[in-house]
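This report refers to the structure that appears directly beneath it.
Below, each value reflects all heavy atoms present in this structure, side chains not excepted, and no hydrogens, waters or symmetry copies.
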Amino acid sequence: MLDVLGEHPEAVEADLAHHYPDYGPGGPVAAYWRGEITLRWLRVMVEGLPPTGAAARAAAGHAWRQSDYAAADSRDLLALLLTAFLNANRDPQKQQPLPWPEPGWRPGDPLPEDAEAKAEQDRAQARTAYEHITAQVLPSKGE
């Protein structure tokens, strides 16, 4: 039975109850335990759940759909094109070129505050390594 519900049984059960309300309280899972439907029919219902439901979100770890990724890609491309256009049409004597835009955030990317904390940690590590090397190479100030 748990093999049918997969790794996120609560999300699957919520989707089943949402998409099959005619099975009454507890949805199709309760109907299975009451002996009203077979395990095969329950598996068919689980496999037929939509890709936008709670089970899909739980499996992916986020709620982004393909259209959300396409919109983010379009936004990033538009920002690149606008920057390229503005840089191509600027007066080189009067204006510096604009920096290239950073891509927008997507699921799986670190959050901006996490990225800044990691960058600060990397800077501190680099500074410590630099000081360690210079302490070995340069004469000490006490000499």
Side-chain angles (χ1 to χ4, degrees), residues 1-138 140-141:
M1 168 65 177
L2 288 178
D3 289 344
V4 172
L5 297 180
E7 294 180 20
H8 307 284
E10 292 85 4
V12 171
E13 190 172 353
D15 272 351
L16 288 171
H18 176 76
H19 293 288
Y20 301 102
D22 295 340
Y23 285 93
V29 174
Y32 166 75
W33 288 114
R34 290 190 301 259
E36 297 171 5
I37 62 172
T38 64
L39 184 60
R40 180 187 180 284
W41 183 239
L42 182 62
R43 181 184 55 81
V44 168
M45 285 191 271
V46 168
E47 289 176 358
L49 290 174
T52 57
R57 288 191 307 272
H62 57 80
W64 276 43
R65 296 177 301 211
Q66 189 60 34
S67 60
D68 298 322
Y69 284 102
D73 290 345
S74 297
R75 179 236 164 255
D76 290 345
L77 180 60
L78 184 61
L80 285 171
L81 290 172
L82 179 62
T83 303
F85 176 80
L86 292 173
N87 282 338
N89 291 299
R90 69 181 168 81
D91 183 358
Q93 264 69 32
K94 296 180 182 176
Q95 297 171 322
Q96 291 293 321
L98 295 172
W100 292 106
E102 292 291 322
W105 181 87
R106 287 166 176 73
D109 291 349
L111 295 174
E113 56 269 13
D114 295 342
E116 182 57 37
K118 172 114 174 67
E120 182 62 37
Q121 181 182 15
D122 291 346
R123 284 192 293 273
Q125 270 185 322
R127 184 71 173 156
T128 303
Y130 170 77
E131 290 170 355
H132 177 72
I133 290 171
T134 56
Q136 292 178 348
V137 175
L138 298 176
S140 65
K141 295 184 183 197

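- V12 and L5 make their closest contact through CG2-O, 3.2 Å (heavy atoms, listed as atom of the first residue, atom of the second, distance).
- Taken from CZ in R127 to CD in E131, the straight-line distance is 5.0 Å, to the nearest 0.5 Å.
- The OG1 atom of T128 lies 11.0 Å from the CD1 atom of I133; values are rounded to the nearest 0.5 Å.
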Review item, side-chain donor-acceptor pairs of residues 13-21, under 3.5 Å, at least two apart:
from	atom 1	to	atom 2	distance (Å)
D15	OD1	A54	N	2.9
D15	OD2	A54	N	3.0
D15	OD2	A55	N	2.9

Checklist entry - So L86 and R90, side-chain contact (heavy atoms from CB on, under 4.5 Å) or not? Walk me through it. => result CA-CA 6 Å; L86 292 173; R90 69 181 168 81; over 6 Å; no
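- Closest approach of Y69 and P107 over heavy atoms only: OH-CG, 3.7 Å.
- Salt bridge present: D122 and K118 bring a charged side-chain N and a carboxylate O closer than 4.0 Å.
- Listed here is the closest heavy atom pair of D109 and W105: O-NE1, 3.1 Å.
- Counting heavy-atom neighbours within 6.0 Å of W41 CH2, excluding the residue itself, gives a total of 12 or less.
- Pairing each heavy atom of A56 with each of P51, the nearest pair is CB-O, 3.1 Å.
- Pairing each heavy atom of A31 with each of Y23, the nearest pair is CB-CD2, 3.7 Å.
- Looking at heavy atoms from C-beta onward, R106 lies in side-chain contact with D76 at the 4.5 angstrom threshold.
- Sparse packing is recorded around CZ of R65, with 12 or fewer heavy atoms of other residues, nucleotides or ligands lying under 6.0 Å away.
- With respect to the salt-bridge test (charged N to carboxylate O, under 4.0 angstrom), the residues E116 and R123 qualify.
- Atom-to-atom distance recorded for D73:CG and D68:CG is 11.0 Å, nearest 0.5 angstrom.
- A distance of 10.0 Å separates CG in L42 from CD in E47, rounded to the nearest 0.5 Å.
- Minimum interatomic distance between G104 and R75 (heavy atoms only, all atoms of both residues): N-NH1, 3.9 Å.
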